[in-house]
Number of protein chains: 2
Amino acid sequence: MLKLTKRTEYGLIALTHLAQRQGEVVPAREIGDHYPIPRRLLAEVLKDLCNADLVASTRGAHGGYALVRPAQELSLGEIVSALEGAPTVSSCGDENLLHGENSCDVQPICPIRSPLVKIKDKIWQMMLTTSLASLAEPHKPYRSLASQTQANGLVKSSIKSP
Amino acid sequence: MLKLTKRTEYGLIALTHLAQRQGEVVPAREIGDHYPIPRRLLAEVLKDLCNADLVASTRGAHGGYALVRPAQELSLGEIVSALEGAPTVSSCGDENLLHGENSCDVQPICPIRSPLVKIKDKIWQMMLTTSLASLAEPHKPYRSLASQTQANGLVKSSIKSP
DNA sequence: AATTATCGGCACTACTTGAGTGCGGATTGA
DNA sequence: TCAATCCGCACTCAAGTAGTGCCGATAATT
Ligand code: SF4
Ligand code: SF4
């Protein structure tokens, strides 16, 4: 359905949070306290972002994560790409990586491959020109609006849905 | 990973084929003969397209499928929407259908929901303004945004119909 | 040095979705 | 009647996603 994974969404949320404290080192704990996101998952995502060099990590007691670039220079495309790979509209890769894994039987005569690549490029282009700042900005600066809502810690009570 | 399902791709292929014989009733058999697509799956997809009133089916001996509208008036958005539901970038529905199934714990304070909806709208808009005809005939330049012409770019000449 | 708060890595389970398949029945033209 | 076609339901198998557990490494604080 053309949709992002939860990982990516969590990553974006975390990054917007970091963007508000740009330069500062923020522990994952704090982000987990503000948003009802499963802690471990958040940690997992932050780790991935760190491996992609979008955030820098500091270990130890006062450790945490910090944006490695200002939010204006961080594109949505980079983030998505780091968290779930570059967008692909068609199942086959876009150009020349066709022969190996993701080859499709239809490929030699596929009438829609080229057009779909163009669509993908447009989407990709759009994401590359959308900065993290423009995601975070249109919202009012909420510093501690949610810190009260669930100060008790774990919020994982409503994950199951029988 | 933000990608279409194979079903949708097969549907698009089938539709481009139908577009070439616009108005004519074409049996699924013929499409299956032209493209190495699993027959049964193709039938499934065509059935879905039929239920969505994008193609009309004729039963019986000389039966088959036909486009119900000219290819110029069939948007990619409609097709995708029919085959896998309207695109959703975020896991939560876009606006007001939030309370039921697809509610997310983060939702009340989610900083990225609104921006993601905008992204989705742009993609959606793009798909709605892309006609099936422009997919089937990649020669006509539609909106020169994709300036990322790779090495091969518009080399598309394998639509030959034997 | 002990403690504590943080990141890091590995591996694991449960669930959802996607791809692909089978078969018998209903329609319609020859 | 016969053959070609669409129709409907249900089913298997593989892959990906969401989420979890545990323990070790690192660094500030005491
Ligand atoms: S070749 Fe055509 S059908 Fe096969 S994956 Fe690429 S776009 Fe989809
Ligand atoms: S609320 Fe935010 S996190 Fe939850 S699904 Fe919607 S966009 Fe994603």
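Proteins come first, then strands; the chains are lettered A, B, ... in the order of their sequence lines, and each starts at number 1. What you see is a predicted model; the values in this text were computed from it and never measured.
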For Ile37(A) and dG19(D), give me the distance from atom CD1 to atom P, rounded to whole Å.
10 Å
Test: Asp33(A) and Arg39(A) ion pair at under 4.0 Å:
yes
Just the rounded figure in Å: distance from P of dC7(D) to CG of Asp48(B).
11 Å
By nearest-nucleotide position on DNA chain C, the 5'-leaning member of Lys3(A) and Arg59(A) is Arg59(A)
Would you tell me if any nitrogen or oxygen in the side chain of Tyr10(A) comes within less than 4.0 Å of OP1 or OP2 on dT17(D)?
no
Distance check needed: dG9(C) P versus Lys47(A) NZ, whole Å only.
6 Å
Would you kindly give the OH-to-C1' distance between Tyr65(A) and dT6(C), to the nearest whole Å?
9 Å
So do the side chains of Leu116(A) and Leu4(B) get within less than 4.5 Å of each other, counting heavy atoms only?
yes
Hey, is the side chain of His62(A) poking within less than 4.0 Å of OP1 or OP2 on dT29(D), counting only N and O atoms?
yes
Under a 4.0 Å N-O cut-off, is there an ion pair linking Arg69(B) with Glu78(B)?
yes
Once you round it to whole Å, what is the distance between C1' of dT6(C) and CD of Glu44(A)?
16 Å
I'd like to know if the side chain of Glu73(A) pairs up with that of Ser131(A) as donor and acceptor (distance under 3.5 Å, no hydrogens or angles considered).
no
Output the rounded distance in Å from CZ (Arg40(A)) to P (dC10(C)).
16 Å
Can you see if the side chain of Thr58(A) gets near the phosphate of dC7(C) - specifically, an N or O under 4.0 Å from OP1 or OP2?
no
Measure from the side chain of Pro38(A), starting at C-beta and using heavy atoms only, and say which of dA19(C), dC7(D), dG19(D) lies closest.
dG19(D)
Would you mind reading off the distance between Asp33(B) atom CG and dT5(D) atom C1', rounded to a whole angstrom?
14 Å
Minimum-distance nucleotide (side-chain atoms of Leu41(B) versus dT20(D), dT5(D), dT21(C)):
dT21(C)
Quick one: closest heavy-atom pair of Ser91(A) and Glu9(B), and the distance?
N-OE2, 2.7 Å
With the side chain defined as heavy atoms from C-beta on, Lys6(B) is closest, among dG20(C), dT5(D), dA28(D), to dG20(C)
Can you measure Arg7(A) atom CZ to dG19(D) atom P for me and round it to whole angstrom units?
10 Å
Between Thr8(B) and Cys50(A), the residue closer to the 5' end of DNA chain C by nearest nucleotide is Cys50(A)
Across the strands shown, which category fits Ala28(A) at heavy-atom distances under 4.0 angstrom: base, sugar-phosphate, nothing?
sugar-phosphate
Let me know, please, whether Thr5(A) or Ser57(B) comes out on the 5' side of the other along DNA chain D by nearest nucleotide.
Ser57(B)
